[in-house]
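Structure first, commentary second.
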Protein chains: 2
Amino acid sequence: MTIEKEYSTKLSIDGVTVDRRDVEMLAAIDRRGSMHAAADDLGRSYARLQNRVVEIEEAVGPITERRRGGPGGGGTELTETARDLCRQFDRHDAELDGVARVTESVFSGTVRERTGELATVDSAVGSILALVPDGASEVQVSVRSDAVVLTDPDETPRADGTSLRNRFTGTVDRLESGDAITRVTVELEADRPIQALITNASADRLTLEPGRSIAASFKATAARAIAVDSP
Amino acid sequence: MTIEKEYSTKLSIDGVTVDRRDVEMLAAIDRRGSMHAAADDLGRSYARLQNRVVEIEEAVGPITERRRGGPGGGGTELTETARDLCRQFDRHDAELDGVARVTESVFSGTVRERTGELATVDSAVGSILALVPDGASEVQVSVRSDAVVLTDPDETPRADGTSLRNRFTGTVDRLESGDAITRVTVELEADRPIQALITNASADRLTLEPGRSIAASFKATAARAIAVDSP
DNA sequence: GGTCGTAGTATCTATGCCGATACAACGCCG
DNA sequence: CGGCGTTGTATCGGCATAGATACTACGACC
């Protein structure tokens, strides 16, 4: 039984929420130059598709230039507004996709001090500064592996020169290399691993290999906690 | 016209995809101890709710212990599997929420060298190492502000000791402070800002103020590009 | 002027999801 | 033994979404 993280991407503008289907519709219109052809491409009915364009347009403003009659009988072209919208959707989608693909490291702990949205969490690997929801006491802190920075522990910690607020040392446990990216598992304490996604080039420069001592750091604003009722 | 990033969280397990509604259902069952009471709480029909529990159970395995007859007429309790599922959903949801809340910095550029999923992108602020989708040439690279690390530029760059592969220097343009977190806008080139979310404490330690010279770094695996057809 | 392919609009129908309802099964309890 | 509150199951109807269909409007081009 494997659990896969999924999501669906949306943008909300003045009441309407445009989803992937809408963006694909706009892409098809752009590709084919007409709404009828786009509807054919997508296997959708022209009527619904046209209604949807108008619906979005009422909230967002002109996203198409539609001509009826004329050369070729007419046609529809996207405005720059529509292209911007699609790009923004794509960027948001790419970020969400990142969250779904990337592994996370989880640390259970209890909230100590709190200032605003931030709090220090006492965990088995030490105290973690993280974003903690209001009123939480027992929490799980999760850190995305693409947010974990690895550094040579021999370098001076330079605690003052950086905005990386969480720093832990451990030993490299496992390396899984892809074409360009290596997933590094670092054992902080017994059975308390943290994972980091780094480029193969970084793995080389850091001379990573199982057993090597290494420091794993991450920003407080990249560490997110959830409340856990039962300890 | 303001555009808000939205999303909906899902977990997919062996065919079924559980969404927020399902997790809220499980929470209500846990809270009330019976499916009837949970249905009442949520304003849902018992029949659908019960069907859904069975549906999920067929894929995930036992998520409830249901008794009919007995003291109180019976009742339903969650298994540890169900609690784990809810926590995993919450963690995933927290990460997605982070993506939707956080600002992103966007850099347009063209793909130069590529190795696997990574590529260097030439942009107005210099070359960026980022995750680039296959076949893309003109791209936009987006970087989440909670992935940007600020460092004192006077510190030795230590290009070898870290897995931070992208490093740019600029001047602090703007500080927006909350209770615990400051959003810093750094001007890399004219009209090419990058934003960083850091703790107020870090902002103090770095003695940030408009005009100060600062270095902004981020990991290659935290920079994601999308393809842009028209330049 | 007729043709053609497009946009625009209205209406009917299929589908799927869900609430509502009704009823059986279960087991303690008075 | 009957009552009660729960789980379990089947069926009906409402509602929203979307496809199907039919028709009008438009304007260049033959």
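Quantities reported herein were computed from a predicted structural model and do not represent experimental measurements. Letters A, B, ... are given to chains in the order of the sequence lines, protein chains preceding strands, and every chain is numbered from 1.
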For DNA chain C, what residues of residues 10-33 of chain B have any heavy atom nearer than 4.0 Å? B:Arg21
Rounded to whole Å, how long is the line connecting atom CZ of B:Arg68 with atom C1' of C:dC28? 15 Å
Could you go step by step and tell me if B:Thr17 and B:Leu11 meet the side chain to side chain contact (heavy atoms under 4.5 Å, CB included) rule? CA-CA 5 Å; B:Thr17 71; B:Leu11 291 179; over 6 Å; no
Rounded to whole angstroms, how far apart are CE on A:Met35 and C1' on D:dA25? 15 Å
So does B:Asp90 pair up with B:Arg87, basic N to acidic O under 4.0 Å? no
When we call it a touch if two heavy atoms are under 4.0 Å apart, what does A:Ala37 touch: a base, just sugar-phosphate, or nothing? nothing
Could you check A:Glu117 against A:Arg224 for salt bridge (charged side-chain N to carboxylate O under 4.0 Å, His left out), going step by step and ending with a plain yes or no? CA-CA 10 Å; A:Glu117 351 169 31; A:Arg224 292 168 199 282; over 6 Å; no
A:Ala47 side chain, from C-beta outward: closest of D:dT21, C:dC26, C:dG8: D:dT21
Nucleotide C:dG8, atom C1' - distance to CD of A:Glu55 in whole Å: 15 Å
Assign each of B:Pro71 and B:Gly43 to its nearest nucleotide of DNA chain C by heavy atoms, then name whichever residue's nucleotide is nearer the 5' end. B:Gly43
Main-chain N/O of A:Ile181 paired with A:Asn200 side-chain donor or acceptor, under 3.5 Å: yes
Where the side chain of A:Arg48 is defined as all heavy atoms beyond and including C-beta, which of C:dG8, D:dG8, C:dC12 is the nearest nucleotide? C:dC12
Would you say A:His36 reaches C:dG5's phosphate, i.e. side-chain N/O to OP1/OP2 under 4.0 Å? no
Is B:Arg112 salt-bridged to B:Asp122, cutoff N-O under 4.0 Å? yes
Could you walk me through whether A:Lys219 and B:Asp146 pass the salt bridge (charged side-chain N to carboxylate O under 4.0 Å, His left out) test, one step at a time? CA-CA 7 Å; A:Lys219 284 166 56 92; B:Asp146 63 352; over 6 Å; no
Calculate the interatomic distance between B:Arg44 atom CZ and C:dC17 atom C1'; express it in whole Å. 11 Å
Any donor-acceptor pair under 3.5 Å linking the side-chain atoms of B:Glu57 with those of B:Thr64? yes
Compare side-chain N and O positions of B:Thr76 against OP1 and OP2 of D:dT6 and report whether any pair is under 4.0 Å apart. no
Rounded to whole Å, please give me the gap between CZ in A:Arg67 and P in C:dG5. 16 Å
Are OP1 or OP2 of C:dA7 and a side-chain N or O of A:Gln50 less than 4.0 angstrom apart? no
Interatomic distance, NE2@B:His92 vs OG1@B:Thr9, rounded to 0.5 Å, equals 6.0 Å
Starting at CD of A:Glu65 and ending at C1' of C:dA7, how long is that distance when rounded to a whole Å? 14 Å
To the nearest Å, how far apart are B:Leu49 CG and D:dT9 P? 14 Å
What is the distance, rounded to the nearest whole Å, between atom CZ of B:Arg52 and atom P of D:dT9? 17 Å
Using a 4.0 Å heavy-atom cut-off across all strands, classify A:Arg66 as base, sugar-phosphate, or nothing. sugar-phosphate
Mind checking if A:Gly70 touches a base, just sugar-phosphate, or nothing, with heavy atoms under 4.0 Å? base
Name the residue closer to the 5' end of DNA chain D, choosing between A:Gly69 and A:Tyr46 according to the nucleotide with the nearest heavy atom. A:Tyr46
5'-most contact on DNA chain C (nearest-nucleotide basis), B:Ser45 vs A:Gly73, goes to A:Gly73
